[in-house]
Amino acid sequence: MGTAERREAPEGGAAARTTARTDAGAPGRGIPAAERGATGRRPARKDQAGGESGGTREQAHYRPLWVEEPARRRRLPDPVRTSAVRAVIVIAVTLIQAMVAFLCTLAGSWLAFPMVIGSVVSTILATWAALDVWVTRQVWNQRNGVVSAPSSTARALRRERRRARRQERSAERARARIRRRGGAGQLSHP
């Protein structure tokens, strides 16, 4: 039976009786009849493979596994990220070394003294690495960041770059104009 024939079915037919009848023990008991459809069953839900899990051909509401949200903060600049990764690695090695030194001291091992010396040196390196992240970030902000101070070098550098790009574009336009004219206006040919 086609779709047009179903629409023309009388209201007192079997389809109307199945939606009007409520079964107290049915699995779709709390679902309104409009959601259950003509068959009295819940709408089919898509499983993860993309197929329908029920027997009906009704489309279920598609809900993605996760929703992309815009980042709250911008990504760190490359030099700052590099120094931060370096700092994390150095700090992790320092913590491991300190733990090994502590365990060797508890065990009374001969390795305890060299490990303690190494831990002290690693602590100095870890402090330097953490300071390096801060200094690199400050330098990057001064050179490339937007600092609203008249003494900011970022503004002057940006102005110079803009001027150089403008000159490059005007030179390229002049070269293109000469090429279009077929070399007319040139004093000498290379």
Does the side chain of Trp140 come within less than 4.5 Å of Gln142's, by heavy atoms? no
Taking Asn144's backbone N and O only, do any of them form a donor-acceptor pair with Arg158's side chain (distance below 3.5 Å, no angle check)? yes
Nearest-0.5 Å distance, CZ of residue Arg143 to CD of residue Gln138: 12.5 Å
Between the OG1 atom in Thr123 and the CD1 atom in Ile91, the distance rounded to the nearest 0.5 Å is 10.0 Å
Point-to-point distance, once rounded to the nearest 0.5 Å, from CD of Glu172 to CZ of Arg165: 15.5 Å
Looking at CG of Asp132 and OG of Ser83, how far apart are the two atoms once the value is rounded to the nearest 0.5 Å? 5.0 Å
Out of Leu76, Leu131, Thr82, Val80, which residue meets the side chain to side chain contact (heavy atoms under 4.5 Å, CB included) rule with Thr136? Val80
Among Arg175, Arg161, Arg163, exactly one meets salt bridge (charged side-chain N to carboxylate O under 4.0 Å, His left out) together with Glu168. Which residue is that? Arg175
At what distance, to the nearest 0.5 angstrom, does SG of Cys104 lie from CH2 of Trp110? 9.0 Å
Are the side chains of Ile124 and Trp128 in touch, meaning some heavy atoms are under 4.5 Å apart? no
Gln97 side chain to Ser122 side chain, donor-acceptor N/O pair below 3.5 angstrom: yes
Closest heavy-atom pair, Ser119 versus Ala101, reported as atoms and distance to 0.1 Å, is OG-CB, 3.8 Å
I would like to know whether Asn141 and Arg137 meet side-chain contact (heavy atoms from CB on, under 4.5 Å); could you show each step before the answer? CA-CA 6 Å; Asn141 280 337; Arg137 184 169 169 261; 4.1 Å; yes
Heavy-atom pair of closest approach, residues Ala87 and Val133: CB-CG2, 3.7 Å
